Amino acid sequence: MSESSRYQPQALEVGWQQAWAGAGLHRAPELGPGDEAFYALSMFPYPSGNLHMGHVRNYVITDVVARVQRLRGRKVLHPMGWDAFGLPAENAAIERGVDPGSWTDRNIASMRAQLDQLGLSIDWDREVATCHADYYRWTQWLFLQFLEAGLAYQKDATVNWDPIDQTVLANEQVDGEGRSWRSGALVEKRKLRQWFLKITDYAQQLLDDLDQLQGWPERVRTMQANWIGRSTGAELQFTVVDGDGNNADERITVFTTRPDTIFGASYVVLAPEHPLVAALTTVEQQAAVEAFCDLVSRQSEQERTADDKPKRGVPIGAQVRNPANGELIPIWIADYVLAEYGTGAVMGVPAHDQRDFQFARQYELPVRQVIIPEGSDEHAYEGGAWTEAGVLIHSGRFDGLPSGEAKEAITAAAATEGWGQEKVQFRLRDWLISRQRYWGCPIPVIHCDSCGVVPVPSEQLPVELPRDVAFSGKGGSPLAQLESWWSVPCPCCGQPARRETDTMDTFMCSSWYYLRYSDSSNTQLPFSREAVNSWLPVDQYVGGIEHAILHLLYSRFFTKVLRDRGLLGFDEPFKRLLTQGMVQAITYKNPLSGKYIAPADVADPSDPRDPVTGDVLETFFEKMSKSKYNGVDPAAVIDRYGADTARMFILFKAPPEKDLEWDDADVEGQFRFLQRLWRLADAAAERGLSLADGSGAPEAVMVALAANSGASADGGALSSDEQELRRAVHTAIQAISEDLDGDYQFNTAVSELMKLSNAMASHLEASRPVFACEALRTLLILLAPFAPHLAEDLWLKLGGRSAADDLASTSIHAQLWPTADANALVRDTVPLVIQIKGKVRGSLEVPADADKATLEKLALESEIAAKWLEGKAPSRVIVVPGKLVNLVP
RNA sequence: GGGAGCAUGGCGGAAUUGGUAGACGCAGCGGACUUAAAAUCCGCAGACGGCAACGUUGUGGGGGUUCAAGCCCCCCUGCUCCCA
């Protein structure tokens, strides 16, 4: 045996990556009439500078989708970009004095190099970075569209303020104890004038159109529906009563989903921030109310509303009249009522709402039952409120009505009598987009004392971020301190005016990047209508479940607004969504000290012990992270095994939506599989097999089959090896095609490739060249999306193309996906399972075309039947053709 | 507390959607090759009993529907996620 070559992925992969790039193989083609377009998109990353396994999984999945679609003849757009504004760059500037822009660009360059090592078929010509002026210019332009449409506005809002860092924080940056993640300071609530986008105008549409998204995971649609949170109820008005018991002019409007319980209202609660609090508080209560408001202002929303936290409040001294029964009840303020939700006021019905119940118990407020469970005695209220539907009592003319009818009847009465009406309420709130940060997209407006808020004229865009800014880390945004930047003449009147110094939430930038890819070099518009309509909506979007709500909801909102502005012609941006699972790795933790131990320091994984103390360690799988010492560096894996092995492993190890447990031994196994393929091709080449001139292509195989069949029409001239080989080849085509259609099942697709390779190892040698070549050719094309480098290399080696040929047209990745030949799947005989009373007792080889009667006869005559029926005739026989016969004695 | 989902060998996971449970792989065991090891190749492998043929049992637990249940229905337990 001659010395065979070795599979050395490191060398060949880089070579192919460069060759593909040189040939422009991944560039999205111009779309012509009749072309079928396919847009495959990964959620773009933040350029931290380090590629981690989660990224790898995401982009490999999308890449396989893109490559399969190309092989199926579609014109594919598969772009990539950078979600490049955000805090880490600014923190680097504060901590190390580097320029955020250069820092980000360096990270982008290094991450792009890491991505290139994976062999992704990305069209880099369309790359975008949200922090580059040629991109954020259009983010600003789109903001002005929102402004013009009346969908962007300013209002005073209570926000999280870090008194040490002197900046606003997002809710996510405040921990459970109400402290800043950076400074550790207790976060204060501050009222600041902020920019908002009116996403609530689109709440109903965002909810309704979820029905269109059948290609999204049910889970994500449910999460969005819950987030939008539509509830139907009523707004009811309680008239404020003065000290003498006379009705005053003021009314307090509450929102409730349970108008049927209004007769049980024993108090009304306002949010401490409610505008009427100051006006209605009596002199006696003033001090207590002010102290309480101060206390609440230091609490996070989560603290205020958590079920297990005690509810606190104080009466403000004033009273209101219950419009349903005329009773006078007190007004309180309490921490569990939020100003931003509903009307900022609720009626307290302790008997039928759990939080009201807790509150009433705490302050000894009356509890009056007005709903009883249908057909039962009165509920005793030992454990808590009765919050289910029931029948009304103590409710005057509505007594005896079921809750459902009572809701309508009471709401109708309120409308007729002028104390309320039906109201649809959403949980969704307007989107606060202001950030007092430097490294973000500047909001393109100018504040003028005489003209008010003036949009920056679009020809003056972009409003560029100034460079060479000092970062102290204190005192808020550097922009606000840079008078040379913010001091500008008003575009309207020319008088001195002030630029807005807030920047936009980075989610603004990421809400439209997928549109820009369709026309990324356009200098006149963010994208042309033609380009965006020809590529979008995105056919397959792939990303993490952590974006299930915010990014995906904001993007849907943007799409609808831009549609209504006439900029694009579709309702939803992402037709299909795949949320890939996390990449986890084994984690060791000392349960006594709580310390994580690096896997490298664990001597014996079967008996993991702390290297210092000798304590037995806890072992589990967790998301890779630095602090747990369980990260696996993609570069190290590629160095050792190559990108193709990493790709195959990640696809094979778990279904795409499930969490994936990284295991070095499994990676090794995957590498062995690719080595086997290499040797298989080596042996074929040594035998002199060649795929040149269409050898093994469907036409050539058809000719060979026709010549062989001769007298027998069933292809009987094929040897049994050849029949087995062809069956394996076409079974693989069918199975893998199904796995890549509809639901993506990459793990079983890879296992089908393994089965095919196993069958080829057994039958290839004994098969004639035409069939051997058919198998080799098919294997390589089926392999190409998964292990693109190896497939391309073997394609060249086996003569699928010659080195001198134009790569763009002769690459394995420019071939056509094969079609299964149904004739190859046909068998002469099939196994027939014999069951006795539902239990499998054996099987027979029977003619594949046998009819039901024949099968029954064969089963009854079998030894299996004789053994188990002991000569008696079965009382019942069930025949499932092609599967089994069940004999019931 | 409400909602959704999941539970299959030592491990990751398959199962034509009601029809042979455990595909494919990892780890393991046995054998071949080798002075030896690695690599490679061949074979075994749910559990229990048995030399074996084979039998019993088996998809978190309990019940039900059915000729037939991992899959459908009811109850329970445990885990995960979302919302409170």
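Hydrogens, waters and symmetry mates play no part in the numbers below; they use all other heavy atoms, side chains included. Within every chain, numbering begins at 1; the chains are lettered A, B, ... in the order of the sequence lines, protein sequences first and strands thereafter. Here the structure is a predicted model, which is why all the values come from computation and not from measurement.
- Partners of A:Asp666 by salt bridge (Lys or Arg N to Asp or Glu O under 4.0 Å), not counting sequence neighbours, listed by chain and number: A:Lys653.
- The side chain of A:Arg876 lies closest to B:C67, out of B:C67, B:C26, B:C24.
- The list of side-chain hydrogen bond (donor to acceptor under 3.5 Å, both in side chains) pairs with a residue in residues 749-760 of chain A, not counting sequence neighbours, reads A:Glu752-A:Lys755.
- Looking at A:Glu861 and A:Lys857, a side-chain N of the basic residue comes within less than 4.0 Å of a carboxylate O on the acidic one, giving a salt bridge.
- Looking at A:Arg258 and A:Asp260, a side-chain N of the basic residue comes within less than 4.0 Å of a carboxylate O on the acidic one, giving a salt bridge.
- For A:Lys658 and B:A14, the NZ to P distance is 7 Å, given to the nearest whole Å.
- Annotation: side-chain hydrogen bond (donor to acceptor under 3.5 Å, both in side chains) contacts involving residues 830-845 of chain A, sequence neighbours excluded, comprise A:Thr829-A:Glu845.
- For the segment residues 831-838 of chain A, residues with any heavy atom less than 4.0 angstrom from an atom of RNA chain B are, sorted by number, A:Pro831, A:Val833, A:Gln835, A:Gly838.
- A search for salt bridge (Lys or Arg N to Asp or Glu O under 4.0 Å) contacts involving A:Arg221 returns A:Glu218, not counting sequence neighbours.
- By the 4.0 Å N-to-carboxylate-O rule, A:Arg556 lies too far from A:Asp209 to be salt-bridged with it.
- To the nearest whole angstrom, the two C1' atoms, one in B:A69 and one in B:U59, are 11 Å apart.
- A stem is defined here as three or more consecutive Watson-Crick or G-U pairs, each with both distances under 3.5 Å; for RNA chain B these stems are B:1-7 with B:77-83, B:10-12 with B:24-26, B:28-32 with B:40-44, B:46-49 with B:54-57, B:60-64 with B:72-76.
- A donor atom on one side chain and an acceptor atom on the other are not found under 3.5 Å apart for A:Arg230 and A:Gln425.
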